Amino acid sequence: MLERTMQEEQLLELSGPVEQIVFRNEKNGYTILEINDGQELVTVVGSLPWVSVGEELQVMGKWVKHPSFGRQFRAEAFQRYKPATAAAVLKYLSSGAVKGIGPALAAKIVERFGEETLNVLEKEPDKLCIIKGITLSKAKSIQDEICKSYGIRETMLALGGYGITPEESLRLWKRYGSGCKERVEENPYCLCEEGVDIDFARADAIAAAMERPQEDGGRIRAGIVYVLKHNLKNGHTCLPAEKVCPAAASLLGVEEELVSGYLQELCAEGSLVAFSVQEREMVFLPRYFRAELYIAERITLALRFPAQPVRKVDHAIAQLEKEFSMQYAPLQKKAIEEALCSGMLILTGGPGTGKTTTLNAVIRLLENHGEKVFLAAPTGRAAKRMSELTGREAKTIHRLLQVAWDEEDHPVFSKNEKDLLECDAIVLDELSMVDVCLFEALLRAMPMGCRLILVGDCDQLPSVGPGNVLGDLIASGRIPVVQLNQVFRQSMTSLIVTNAHRIVSGQMPDLSSRKGDFFFLSCPQAQELSHLVVDLCQRRLPASYGYSPYTDIQVLSPGRKGELGTNALNRKLQEAINPPEKGKKEITLAGKLFREGDKVMQIKNDYDLPWSKADGEMGEGVFNGDLGVLLEIDRRGSTFTVQMDDRQVVYEMETAGNELELAYAMTVHKSQGSEFPAVILPMFPGPSQLYYRNLLYTAITRAKHLLILAGIPDVVGQMVENNRKTRRYSGLACFLRKGEEEA
């Protein structure tokens, strides 16, 4: 571990005894400590699990400057040594590093044995019995603790030889204890197991270095599980058994028959679940089988014991119509009645069909009835938009359920069956974006008799995570569904709305208009089209409409790759909108160039990331899809400062590259749940798996006031004709129908 990093010339070396542990995160081993380097106390930060006061530490790393705490040494690798002097041993034992020894007992032991103390504790514990208060049993217990401490050290060194990092070693030790080195050597594919979560390819490389055979049982079992885990990224909660075997056999380079035998073994022992879905054997990872089964059972229970119906709904609707001098359409009235009378409703429909108006009526009438209504959405931007449309607070599902993180960085929700949400109704928007695990968590926290109003557009893209919740709930036929399909007169003047509905019905959108809010600009060459997109953002739309490329204009693209993908467009838009200037700092992180003044986007949920506002308010949590502007790059402090709406967020530079990316252009998938004043969508040939009807529809419905398609008309036509609904294997609809039969 240490030898590997010493080869990196830019790293410096620091050594000395540990004087103080300032902070330690027991989950991941992140530590802030002070070392006496012989001249001064030096603050060292990094992943330093199990290091204790009094130990000698050799650290490789570099100097950084923290904006609040000043100069620090950031550790990249380290080596621990036993305390060398009696004084160091006393500090080590007094710090609580060895369970069963406190400061008073530590002083007695060191006074008696001096520099030989640790050898006595480790090899001759019976000598401790001459000290008053230490029995033979306690002496053996102290020996066990000291051996454990230094066993961890030796284990980390041994695992480092396989390229396993200190953080990964920590996870292995927590899962397997003192035998983790032997466990890895016996079966390197244990590295792939939950709680350790090392990629199959790395485990396979480690196994190959150990010269393990290709037909090794551990390898085949891990390969089968990897196929299922990999397909979670494609949205599948399960796979047909007849597809799992050939996929795993191809990955592993072995015979299908061999894979089939191990698949049966995994299912028999419960490591996987085999279940018949529509007379086809499907294979699940247990976590996702339980999630879908729970959703089906909880919804079945809610349908059997619904919320109390609101009386005189017709009269209440008439009163609202009178109050707002309007009249609800028949389907809107039906939706309102179902929400208030049946206790569960799926409300769906495209743009301009009155979903928001209907939803506001439902919320208003429930509140008038004295019910406490919670509003939620899957992302921060979707929740913010929901708040703007309803005039009420909406939270992300994670925030509503009060998320925390366990030792393995998995979400744990404070709100659950043991601590239910205190509400009478839950309104969940953008259901198409919600995966099965998140929906399961919400249902676990929903009290009995609580209304559940689910809102979504079934023609939009499905969730990024596994499952097809909205589609499966509708397909099951168990829950009342109202699909609004009448486009209201005021919306029919919008070509964005009318063209969106044309696309959904398989018709070519009107590309000929030169007025209104929807334009098509023909441009047959990729390079020319790229220049056009940049010009629209940088010059034409700001000049014609006063739009800002930071806050108003959003370029969307089906994918990341190619000249019209988000990677290339972001580089070109960055150079045009935020070019390099003298005094404007920039840096490359994780292969991405960031420059002060850049438009950036958070690409994962980080619930611990602190933020502050100008009025002094402080909080935590930045969410996937949040947009902002990079205000400052502080190289000496190794930090990024980003302004996100009214919040200022400071990132550690080492994490910023993994949490941020340029956002002048983003994929259509990333735009889900958002709405922008102006959207530019380049239309140029690409892979058919990214160029299909639902993706085009989702992109167009992100535009609020202006939509510009630019490129080749035939590409638009191809996307409209390509009605490949993203096929997702799941069991939820089947479980719901089965629940109905049993009920």
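As a basis for the values below, the full set of heavy atoms in this structure was taken, side chains included, without hydrogen atoms, waters or symmetry mates. Just so it is clear, the structure is predicted and the values come from calculations on it, not from any experiment.
Gln332 and Thr358 form a side-chain donor-acceptor contact under 3.5 Å, judged by distance and modelled atom types alone. Asn468 and Ser730 share no donor-acceptor pair across their side chains, judged by distance under 3.5 Å alone.
Residues satisfying the side-chain contact (heavy atoms from CB on, under 4.5 Å) criterion with Ser674, sequence neighbours excluded, are Arg381, Phe676. Shown here are the salt bridge (Lys or Arg N to Asp or Glu O under 4.0 Å) partners of Glu417, two or more places apart in sequence or in another chain: Arg444. Among residues two or more places apart in sequence or in another chain, the side-chain hydrogen bond (donor to acceptor under 3.5 Å, both in side chains) test is passed with Asp645 by Lys384. With sequence neighbours left out, His705 forms a ring pair (Phe, Tyr, Trp, His ring centres under 6.0 Å) with no residue at all. For the side-chain hydrogen bond (donor to acceptor under 3.5 Å, both in side chains) test, no residue two or more places apart in sequence or in another chain qualifies with Asn485. By the ring pair (Phe, Tyr, Trp, His ring centres under 6.0 Å) test, Tyr729 pairs with His236, sequence neighbours left out. For Tyr226, the ring pair (Phe, Tyr, Trp, His ring centres under 6.0 Å) criterion is met by Phe200, His230, not counting sequence neighbours. Partners of Ser342 according to the side-chain hydrogen bond (donor to acceptor under 3.5 Å, both in side chains) rule, which considers only residues two or more places apart in sequence or in another chain, are Glu338. Not a single side-chain hydrogen bond (donor to acceptor under 3.5 Å, both in side chains) links Asn368 to another residue, sequence neighbours left out.
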Could you list the donor-acceptor pairs under 3.5 angstrom formed by side chains in residues 425-438, with sequence neighbours left out?
unit_1 : atom_1 : unit_2 : atom_2 : d
Glu430 : OE2    : Arg385 : NH1    : 3.4
Asp435 : OD1    : Cys437 : N      : 3.1
Asp435 : OD1    : Leu438 : N      : 2.9

Tabulate below the donor-acceptor pairs under 3.5 Å that side-chain atoms of residues 274-286 make, not counting sequence neighbours, or state none.
unit_1 : atom_1 : unit_2 : atom_2 : d
Arg280 : NE     : Glu242 : OE2    : 2.8
Arg280 : NH2    : Glu242 : OE2    : 2.7

Can you give me every donor-acceptor pair (side chain of residues 305-319, partner residue at least two apart or in another chain, under 3.5 Å) with its distance?
none

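In summary, Glu440 and Arg290 do not engage in a salt bridge, as defined by a charged side-chain N under 4.0 Å from a carboxylate O. By the 4.0 Å N-to-carboxylate-O rule, Glu269 lies close enough to Arg221 to be salt-bridged with it. A salt bridge is absent between Glu194 and Lys229: the closest approach of a Lys/Arg side-chain nitrogen to an acidic carboxylate oxygen does not fall below 4.0 angstrom.
Of all the heavy atoms in Ala335 and Leu347, the pair that sits closest is CB-CD1, 3.9 Å.
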Take Gln460 and Asn694, measure what side-chain contact (heavy atoms from CB on, under 4.5 Å) needs, and give me the verdict at the end. CA-CA 6 Å; Gln460 287 190 23; Asn694 290 72; over 6 Å; no

Worked check of side-chain contact (heavy atoms from CB on, under 4.5 Å) between Leu272 and Phe289: CA-CA 9 Å; Leu272 299 176; Phe289 177 78; over 6 Å; no

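When each of Arg502, His501, Gln507 is checked for a side chain to side chain donor-acceptor pair (under 3.5 Å) with Ser505, only Gln507 meets the rule.
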